[in-house]
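This report concerns only the one structure given below.
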Amino acid sequence: MEKTIKNNIDAFNKLLSESQKVAIFTHMNPDGDALGSASTFQMVLRNRQIASEIFIANEVPGSLAWMPGTNAIKANATKKTLDAYIKTADLIVCLDFNEPGRMDHLSYILENPPLPVLVLDHHPQVKTYQGLQIASTSYSSTCELLFWILKRSGNLPQTREMAECIYTGIATDTGSFAYNSSSPGTFRAVAELLEIGFDKDRITDLVFQQFNASRMKLLGHMLANRMEIIPEYHTAYTYLTQKDLKDFDFKPGDTEGFVNYPLSIANVKFTAIFIEKDDYVKISFRSKGDFAANKFSNSFFNGGGHLNAAGGKSYKNLNDTLKEFEEKVKSHYHEF
Ligand code: 5GP
Ligand code: MN
C-alpha cells in the first residue's frame, strides 16, 4: 500500500468517527474529478449517518449534471448559507484543489478555518491546515486517491453510483487514460470498479460523446481561425473572444478539453488557451514531458496546477495578454 495512504488511515477513520456534520468543498468550475470525489465523499458520510452538504462557488456544468449526487450540491453558494451551515458543523473537507483561491468567493472560510480541515488532493504543494492532509501527485486524480483511501479504511460504498463517480473522475483527469495514467494502481482501481459493477461505455458516452453541435463548430472555428504556432519554442496557443463564444452559443463546460488539441501537433510541447471573460482572461496550459506548465503559470499568470496541466488568469485585455504570453515564451521558455 502506498505510504501516503497507509500512514493516514487511522487518522482518517478517527476524523470521520468524531464528525456529525461535514461541509464538503471542491473547486469552482468543477470537473468530473471534483464532482466525482465530492459526491462519493457524501455517499460515504451518508453510509455512516453523518450529515453533509457539498458547496461550490459557481455552477455544476450542464454536461456533468447527469453524475450521481450532483442534484444535491449547493451550487452558487453564498457566504450567508455557508456561515449558517458551518456554525453547527464539525469538519471541513476539501477535495481536488490545493489552494483556497480555487473556491473563489468561498475561499474566506479557509483563511482562518473555524473547524479541522481534511484535504484530499493530487495537486502539488497542497496548503495545510489544522486537521489532516492526504495528498500525493502520484495519483491520476482525487477520485483515484479517494478510492484507495476508502478501500483501505473499509469505507468504500459497494454501489454503482460510487463506481460511476470515481470512474468519471479518473477518466476525465486522464483524458480517457491518455495522460497521468502510467501507474498500475489506476488500472487496478478501475478493475475493482468494474467488478463492483457499472456501465463503462455509458459513462464514456456521457462524458465524451454528448456534445452539442455548436460546441463542435466552436472547436472548428478555434482551430481554423484562432490558433498561433511558435515553432522555434515548441509552443502553440489558441484563444476565444467573447464574440466567438456568443456566436457559437457557448455553454459552461463547452471549452473543456479544447486546450489539448494543439499538443497533438508534432514538435509542440507547450500549449495554452485564452478565453475572454467579462473582467479577466481565463487561461489553461498543457505541456508534454518535463516542461513545467504550473511554474510557467505561477511565474507570469497568477496560477498553478500540475506539471503538465495548469491554469491561470490575466487581468489585461485579451490582446495584451496574448502579446505578453508570446513575450514570456520567447524570453523564458528554456527556464521551465
Ligand atoms: P484547467 O485548465 O482544466 O482549468 O485546469 C488544469 C489544472 O490547473 C487544474 O487541475 C488545476 O489544478 C489548475 N488550475 C486551473 N486554474 C488555476 C488557477 O487559477 N490557479 C491555480 N493555482 N491552479 C489552477
Ligand atoms: Mn483532479
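Each ligand, and each atom within it, is numbered from 1 in the order the structure gives.
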| request: Fit a plane to each ring of Phe187 and Phe177, take the angle between them on a 0 to 90° scale, and name the class: parallel (under 30°), tilted (30 to 60°) or perpendicular (over 60°). | output: tilted
Taking only non-hydrogen atoms of Gly305 and a 4.0 Å limit, the atoms of ligand 1 in range are 8 (O), 12 (O), 13 (C), 23 (N)
Worksheet item: Are the side chains of Phe296 and Tyr333 in touch, meaning some heavy atoms are under 4.5 Å apart?
Response: no
Closest to atom 15 (C) of ligand 1 among protein heavy atoms sits Gly311 CA, 3.3 Å
- Query: Should the ring pair Phe55 and Tyr85 be called parallel, tilted or perpendicular, given that the plane angle runs from 0 to 90° and is split at 30 and 60?
  - Reply: perpendicular
Any heavy atom of Lys282 under 4.0 Å from ligand 1? The part involved is side chain
Here the gap from Arg152 atom CZ to Lys6 atom NZ, rounded to the nearest 0.5 Å, amounts to 10.5 Å
Near the Mn ion (ligand 2), meaning under 2.8 Å, the protein N/O/S atoms are Asp33 OD2, Asp96 OD1, His122 NE2, Asp173 OD2
Under 4.0 Å between heavy atoms, the region of His27 that gets near ligand 1 turns out to be neither
query = Any side-chain donor paired with an acceptor under 3.5 Å for Asp278 and Gln242?
reply = yes
When distances are taken from atom 6 (C) of ligand 1, the protein heavy atom at minimum range is Arg286 NH1, 3.7 Å
(Q) Is it true that Asn294 and Ser297 share a donor-acceptor pair across their side chains at a distance under 3.5 Å? (A) no
* To do: Determine, for Lys277 against Asp279, whether the closest basic-nitrogen to carboxylate-oxygen distance falls under 4.0 angstrom.
  => no
Per-atom filter on ligand 1: closer than 4.0 angstrom to a heavy atom of Gly303 are 20 (N), 21 (C), 22 (N)
Quick note on ligand 1: atoms under 4.0 Å from a heavy atom of Ser284 include exactly 1 (P), 2 (O), 4 (O)
CD1 of Ile265 to CD1 of Ile229, rounded to nearest 0.5 Å, is 4.0 Å
Quick check: Phe285 and ligand 1, any N/O pair under 3.5 Å apart? no
Atom 7 (C) of ligand 1 has as its nearest protein heavy atom Ala309 O, 3.5 Å
- Item | Distance-only polar pair, side chains of Thr128 and Gln133, donor-acceptor under 3.5 Å | no
Ligand 1 to Glu256 polar contact by distance, N or O atoms, under 3.5 Å: no
Any atom of ligand 1 sitting under 4.0 Å from a heavy atom of His123? yes
message = Could you check whether Glu164 pairs with Arg160 (Lys NZ or Arg NE/NH1/NH2 to Asp/Glu carboxylate O, under 4.0 Å)?
response = yes
Heavy-atom side-chain contact between Ser299 and His332 under 4.5 Å = no
Exactly one candidate in Phe300, Tyr239, Phe285 meets side-chain contact (heavy atoms from CB on, under 4.5 Å) with Phe325; the answer is Phe285
Is it true that Tyr139 and Asp173 share a donor-acceptor pair across their side chains at a distance under 3.5 Å?
no
If you scan protein heavy atoms around atom 22 (N) of ligand 1, the nearest is Glu99 OE2, 2.9 Å
Of all protein heavy atoms, the one nearest atom 11 (C) of ligand 1 is Arg102 NH2, 3.5 Å
A student comparing Gly304, Ala272, Ser297 should find that the heavy atom closest to atom 23 (N) of ligand 1 comes from Gly304
